[in-house]
Amino acid sequence: MSATLRTPWWMAGAALCAAAFLIVYLGFVQTASGQLIDVALREVTGRHWHPLPELDPENRWIAVWIMAPPAGALAALTIPQRDWLTAGIAVATVVASNITTQVVKHGWLERPELIDGAGSSNALPSGHTTMAAASAVAVFLAAGSRWRPAAGVLAAVWGAGWGAYIYLESWHRPSDMIAAYLVVAGWGLVGGWLILRLRVPDRPAPAHPRPHAPELMCAVIGVLLCGAALVGLYAGGGWSGLELTLDGASSGWHWVAGTALSAGPAWLLAAAGISLFRYEEARLSPRPVR
């Protein structure tokens, strides 16, 4: 190889995801203001119609609908090539992400009821969102370097789409989805480090790669969605508007804010992941293009 994998960068990225997870938990769960945002945005979902089919929380087949399409794509990428190592790492990433979510949600984190209606049952991170994001990231990890940027965009569509859908169905608060994305991103970095350490990139890469369309598109969509969340919170009346929502008011701005906040971070993480893989593969490429 022309260079060695920069392990500290990958481990620092995973640590950063863990730190961001802790910040989300402390900010949204352990403070009254964070709970106000979360609860108010969740309350408003039941007061607005959306065109998607209703999800039955008792229907366990939903997990199959979430994970079966990415599982099929993963099989198509790895079985014909008999790339069992990559498949194993990708599947291990999915398993580790989901175990982490369940352990920290049910065995570690607590939710004090700091405002009326917040409840004391912890739901952070979202299990279904973890399933969606992790299974999509597995496909991203298994894709060859030529197709990985496109797979990253599709992973963002799948993960963010299910995160927004679950929010619109009032299953989870926005912070639950953000935490799920961070869990998956952290394990995705570990899985990506293993794959690049054990597998030579499958095509030449530019010696000094620049951001291309996929990561730029993900970054722009992520910024726009997060910006829309802030605009929605402001236009909905700020703190006083959130309090009115708890009293029964119905603001379309809060509906927009919650939906955008439940999806936007997934797109930003996808942009970062695509960029990191592109730069590292460029360094590791055995035949860099000059």
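Remember, predicted model here, so these are calculated numbers, not experimental data.
- In this structure, CE on M67 lies 14.0 Å from CD1 on I62, to the nearest 0.5 angstrom.
- Shortest non-hydrogen contact noted between A228 and A260 is CB-CB, 4.1 Å.
- Counting heavy atoms of neighbouring residues, nucleotides and ligands inside a 6.0 Å radius, atom CH2 of W267 exceeds 12 of them.
- Residues A75 and P80 come closest through the heavy atom pair O-CD, 3.4 Å.
- For W61, the CH2 atom is loosely surrounded, since the number of other residues' heavy atoms within 6.0 Å does not exceed 12.
- Side-chain contact between L269 and L182 is present, with heavy atoms from C-beta onward closer than 4.5 Å.
- By the 6.0 Å contact criterion, CD on Q30 is enclosed, its count of non-hydrogen atoms from other residues, nucleotides or ligands being greater than 12.
- Cluster membership for F277 and L154, using ILVMFWY side-chain heavy atoms within less than 4.5 angstrom, is not shared.
- Side-chain atoms of S135 come within 3.5 Å of backbone N or O of A132 as a donor-acceptor pair.
- T86 and T78 form no side-chain donor-acceptor contact under 3.5 Å, judged by distance and modelled atom types alone.
- Note that the CG atom of N122 and the OH atom of Y25 stand 6.5 Å from one another [nearest 0.5 Å].
- Minimum heavy-atom separation, L268 to A219: CD2-O, 3.8 Å.
- The CG atom of L261 lies 7.0 Å from the SG atom of C226; values are rounded to the nearest 0.5 Å.
- In this structure, Y167 and L41 have side chains that are in contact, with non-hydrogen atoms separated by less than 4.5 Å.
- Taking 4.5 Å as the limit, every side-chain heavy atom of S121 sits out of range of all side-chain heavy atoms of R111.
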**Q.** Candidate pair M131 and T101, rule side-chain contact (heavy atoms from CB on, under 4.5 Å), full reasoning
**A.** CA-CA 10 Å; M131 291 180 192; T101 284; over 6 Å; no

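- Using a distance-only test at 3.5 Å, with no hydrogens or angles considered, no donor-acceptor pair links the side chain of S275 to the main chain of A272.
- Between I166 and D176, the closest side-chain pair of non-hydrogen atoms is not below 4.5 Å.
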Q. Would V231 and V256 satisfy side-chain contact (heavy atoms from CB on, under 4.5 Å), going step by step from the backbone distance to the final call?
A. CA-CA 9 Å; V231 170; V256 170; over 6 Å; no

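- Separation of atoms CG (L55) and CD (E169) is listed at 4.5 Å; rounding is to 0.5 Å.
- Note on L114: it does not cluster hydrophobically with V24, by side-chain heavy-atom contacts below 4.5 Å among ILVMFWY residues.
- Other residues, nucleotides and ligands contribute over 12 non-hydrogen atoms within 6.0 Å of the CG atom of D56.
- Between W255 and H48, the ring planes are tilted. Angles from 30° to 60° get that label.
- Side chains of L233 and W253 form no contact here, defined as non-hydrogen atoms less than 4.5 Å apart.
- A pairwise comparison of heavy atoms in P125 and F21 identifies CG-CE1, 3.5 Å as the closest pair.
- A distance of 7.5 Å separates CG in L194 from OG1 in T93, rounded to the nearest 0.5 Å.
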Q | Test side-chain contact (heavy atoms from CB on, under 4.5 Å) applied to D116 and L246, step by step | A | CA-CA 9 Å; D116 292 339; L246 294 183; over 6 Å; no

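- When side chains are defined from C-beta on, I274 counts as touching F140, because their heavy atoms get closer than 4.5 Å.
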Q: Please report the C-alpha distance between I221 and L225 in whole Å, then the side-chain angles of each, then the deciding distance to 0.1 Å, and finally whether the side-chain contact (heavy atoms from CB on, under 4.5 Å) criterion is met.
A: CA-CA 6 Å; I221 292 174; L225 287 172; 3.8 Å; yes

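- If you chain together hydrophobic residues whose side chains sit under 4.5 Å apart, L276 and I195 fall into the same group.
- By the 6.0 Å contact criterion, CH2 on W239 is enclosed, its count of non-hydrogen atoms from other residues, nucleotides or ligands being greater than 12.
- A 4.5 Å side-chain heavy-atom check between T259 and H50 finds every atom pair outside the cut-off.
- Note that CZ of R173 is 8.5 Å distant from CG of L124, once rounded to the nearest 0.5 Å.
- Linking ILVMFWY residues whenever their side-chain heavy atoms come closer than 4.5 Å, directly or via other members, leaves I37 and I23 in distinct clusters.
- No hydrogens or angles considered: a donor-acceptor pair under 3.5 Å links the side chains of W10 and E280.
- Note: W158 and W162 have perpendicular aromatic rings, judged against thresholds of 30 and 60 degrees for the angle between ring planes.
- Side-chain contact between T130 and Y181: absent, with no pair of heavy atoms (C-beta onward) separated by less than 4.5 Å.
- Residues G188 and L141 approach most closely at O-CD2, 3.8 Å, considering heavy atoms.
- Of all heavy-atom pairs spanning S126 and A180, the tightest one is O-CB, 3.6 Å.
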